[in-house]
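Both ligands and their constituent atoms are indexed starting at 1 by order of listing. Worth knowing before you read on, the calculation uses all heavy atoms, side chains too, and leaves out hydrogens, waters and symmetry mates. These numbers come from a predicted model, not from an experiment.
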Amino acid sequence: MALIGNSFKLHQNNSLSGISRMTQSQSLRVSIHLPKVVAMMNSNTRLERNVSVSVESVVNELNAPTAVEVVDPTSKQHPTAVGGGVEDAYGEDTATDEQFDTPWSVSVASGYSLLRNPRHNKGLAFSEKERDAHYIRGLLPPVVVNQDLQVKKMMANIRQYVVPLHKYQAMMDLQEKNETLFYKLLIENVEELLPIVYTPTVGEACQKYGSIFKRPQGLFISLKDKGKIHEILKNWPEKDIQVIVVTDGERILGLGDLGCQGMGIPVGKLSLYTALGGIRPSLCLPITIDVGTNNEKLLNDEFYIGLRQKRAKGQEYAELMNEFMSAVKQRYGEKVLVQFEDFANHNAFDLLAKYSSTHLVFNDDIQGTASVVLSGLISALKLVGGSLADHKFLFLGAGEAGTGIAELIALEISKQTKVPLEETRKKVWLVDSKGLIIKSRLDSLQHFKKPWAHEHEPVKELLDAVKTIRPTVLIGSSGAGQTFTKEVIEAMSSLNKKPVILALSNPTSQSECTAEQAYNWSQGRAIFASGSPFAPVEYNGKIYVSGQSNNAYIFPGLGLGLIMSGAIHVHDDMLLAASEALAEQVTQEHLDNGLIYPPFTNIRKISAHIAAKVATKAYELG
Ligand SMILES: O=C([O-])CC(=O)C(=O)O
Ligand SMILES: [Mg+2]
């Protein structure tokens with residue numbers, strides 16, 4: 001691995017792709033040295049042989065937005081020959097494509113076009129020398145400013161907007177004009193800007209995507225493109241792609257079917273891959289698969305940007321997805337990571353089951369959310385006491401997030417106690433729209449709910465389920481806002497000294513309860529976290545700061561670890577490793593303040609830790 005053994009070299013070429021494979025015996029050292037590698041990816045320094053990197057530099061370097069290629073000089077191949085996520089040192093994963101087959105060629109922008117190229121434009125930060133070298137003298141006013149001043153000005157502009165959607169639009173405009181500045185802004189102001197480029201504002205942006213649409217972002221693949229998907233991938237200007245986030249827009253956050261307008265989600269998720277995980281933007285590809293929408297409002301909206309037809313399903317849907325998945329592997333190799341995002345339950349589980357053995361895929365809503373919640377629970381145990389096995393979990397919502405989290409909890413208990421999974425699942429109960437999931441409902445249950453059907457009398461309402469199951473942990477994954485009522489939280493508080501309450505649904509409007517409600521109704525005793533952020537709450541003269549239980553803590557680091565290690569499959573143990581790595585970042589001070597997640601301000605360091613643990617696990621797994 002890059003820096004181990006001091007026999008490697010870093011080139012200033014903005015890429016992760018040169019990280020080469022390691023043997024299994026080296027895995028121990030990965031866990032120690034990987035953060036250094038992560039740091040190096042973000043530095044612009046050219047490191048020659050025998051350079052050692054201090055641990056402090058990791059944290060410093062993580063704050064620089066651009067990435068650097070890491071190359072193993074012992075490898076014969078040049079990094080540009082890479083087909084997938086890492087250098088193909090063993091010739092295993094060369095994509096079957098001809099690489100130079102697009103009908104146009106890429107040239108380095110200069111002059112006027114350089115100023116209109118978001119990837120290379122620096123605006124007023126171009127130096128005198130650069131203005132001469134790139135033929136832009138005269139195209140800019142004389143002043144030369146540094147990036148810090150640019151950040152200061154942009155933040156002042158953004159703060160002037162009162163409406164979050166306007167802030168979102170300003171951020172998207174910046175991404176279109178000066179990508180480097182966009183990421184610097186996001187990295188340096190992560191807590192302030194995350195709610196803008198991500199949940200909750202991105203939800204509203206998707207709802208209004210057609211009417212605020214200016215320039216296309218990402219790649220749109222629709223039913224009309226059947227048989228041509230591979231050609232379409234070639235139209236994308238970058239050939240070396242390492243992460244794809246794809247949606248079909250059928251279940252955007254808790255907002256339902258937004259069809260083609262779901263594109264805001266892959267775009268937002270991938271900007272976090274860069275800002276939170278240090279992955280170079282050009283390696284990231286947002287994709288929306290448009291198979292129609294069942295959202296009547298959108299179908300009748302004159303500004304709707306997608307296909308005006310009902311959703312394709314069954315064979316037609318499966319064939320398009322299959323063509324897509326094959327084309328992706330053919331074009332980018334077996335090490336390209338595909339993150340499924342915001343698919344509806346009925347497709348999400350099937351797609352994951354179908355492609356997890358042939359592709360490097362994970363479903364963020366099932367697995368990413370599970371990993372972040374498990375991590376929060378590991379930390380919560382330090383506040384409430386006991387081991388996971390001592391607790392009882394009740395979910396409202398038995399879809400992707402609910403059953404995904406439930407399974408990871410049961411798996412972790414099983415690992416800790418050596419009790420079979422079938423038994424540990426009995427610690428976990430789920431309520432769906434028809435009530436408690438129980439044995440007598442087995443025949444009519446969707447397949448992903450069946451493992452959670454335990455022996456019990458029918459219970460219709462959540463409140464009654466709380467009273468009869470007597471959970472210590474209540475988790476909302478229903479997509480339905482205001483479902484943790486005063487009575488529900490009071491019941492949880494009468495059963496538990498410190499009830500653990502997680503209201504995971506996004507955006508804020510869909511949250512099962514607000515932070516204020518959780519603290520007020522539990523008389524300040526709840527250990528609370530939510531999917532979308534809430535401002536601190538004052539209760540009885542004390543300030544309560546709640547954590548954000550959102551998969552954004554996990555996917556950038558998980559993805560980075562997968563890419564770095566050259567993994568070709570995602571294993572549940574990697575998700576467990578990510579959970580533990582995140583929980584390790586929660587300090588006593590955080591816990592003393594009731595926080596079960598570390599603040600987002602340190603997210604790049606946190607992602608580096610997660611990546612290191614995930615990569616270590618990948619090597620352990622062979
Ligand atoms: O996007 C988010 O904030 C978390 C998530 O995956 C979802 O709610 O679907
Ligand atoms: Mg999602």
### Option nearest atom 7 (C) of ligand 1 (shortest heavy-atom distance, choices D364, N363, D365, T247)
D365
### Task
Report yes if some heavy atom in the side chain of L381 is under 4.5 Å from a heavy atom in the side chain of H391; otherwise report no.
yes
### Message
Looking at K382, I'd like to know if its NZ atom is crowded, meaning that more than 12 non-hydrogen atoms belonging to other residues, nucleotides or ligands lie closer than 6.0 Å.
### Response
yes
### Query
To which protein heavy atom is atom 5 (C) of ligand 1 closest, and what is the distance rounded to 0.1 Å?
N551 ND2, 3.5 Å
### Message
Classify the ring geometry of F340 against Y355: parallel below 30°, tilted from 30° to 60°, perpendicular beyond 60°.
### Response
tilted
### Message
Tell me which one of D342, L352, N345 satisfies side-chain contact (heavy atoms from CB on, under 4.5 Å) with D365.
### Response
D342
### Task
List the steps, then state whether ring-ring contact (aromatic ring centres under 6.0 Å, His included) holds for F349 with F343.
CA-CA 9 Å; F349 290 101; F343 285 78; over 10 Å; no
#### Entry: Minimal non-hydrogen separation, V614 against M574, with atom names
CG2-O, 3.8 Å
### Message
If the cut-off is 2.8 Å, does any N/O/S atom of D364 fall short of it from the Mg ion (ligand 2)?
### Response
no
### Heteroatom of E341 nearest to the Mg ion (ligand 2) (N, O or S, atom name)
OE2
### Query
Once the angle between the rings of F555 and Y273 is folded into 0 to 90°, is it parallel (under 30°), tilted (30 to 60°) or perpendicular (over 60°)?
tilted
#### Entry: T369 and ligand 1 - part of the residue with a heavy-atom distance under 4.0 Å
neither
### Task
Can you tell me, to 10 degrees, how wide the angle at the Mg ion (ligand 2) is between OD1 on D365 and OD1 on D342?
90°
### Message
Just checking E580: does its CD atom have more than 12 heavy atoms from other residues, nucleotides or ligands closer to it than 6.0 angstrom?
### Response
yes
### Residue portion contacting ligand 1 (non-hydrogen atoms closer than 4.0 Å) for Q339
neither
### D342, portion touching ligand 1 at heavy-atom distance under 4.0 Å
side chain
### Task
Can you pull out the closest protein heavy atom to atom 2 (C) of ligand 1? Residue, atom name and distance to 0.1 Å, please.
Y198 OH, 3.3 Å
### Message
Give the atom numbers and elements of ligand 1 that come within less than 4.0 Å of a heavy atom of E341.
### Response
6 (O)
### Query
Hey, is ligand 1 close enough to T199 that some N/O pair sits below 3.5 Å?
no
### Query
atom 3 (O) of ligand 1: which protein heavy atom is closest, and how many Å away?
N550 ND2, 2.8 Å
### Message
To check your reading of the model: name the closest protein heavy atom to atom 8 (O) of ligand 1, its residue, and the distance in Å.
### Response
N506 ND2, 2.8 Å
### Message
If I compare all heavy atoms of S379 with all of V586, which pair ends up nearest, and what's the gap?
### Response
OG-CG2, 3.5 Å
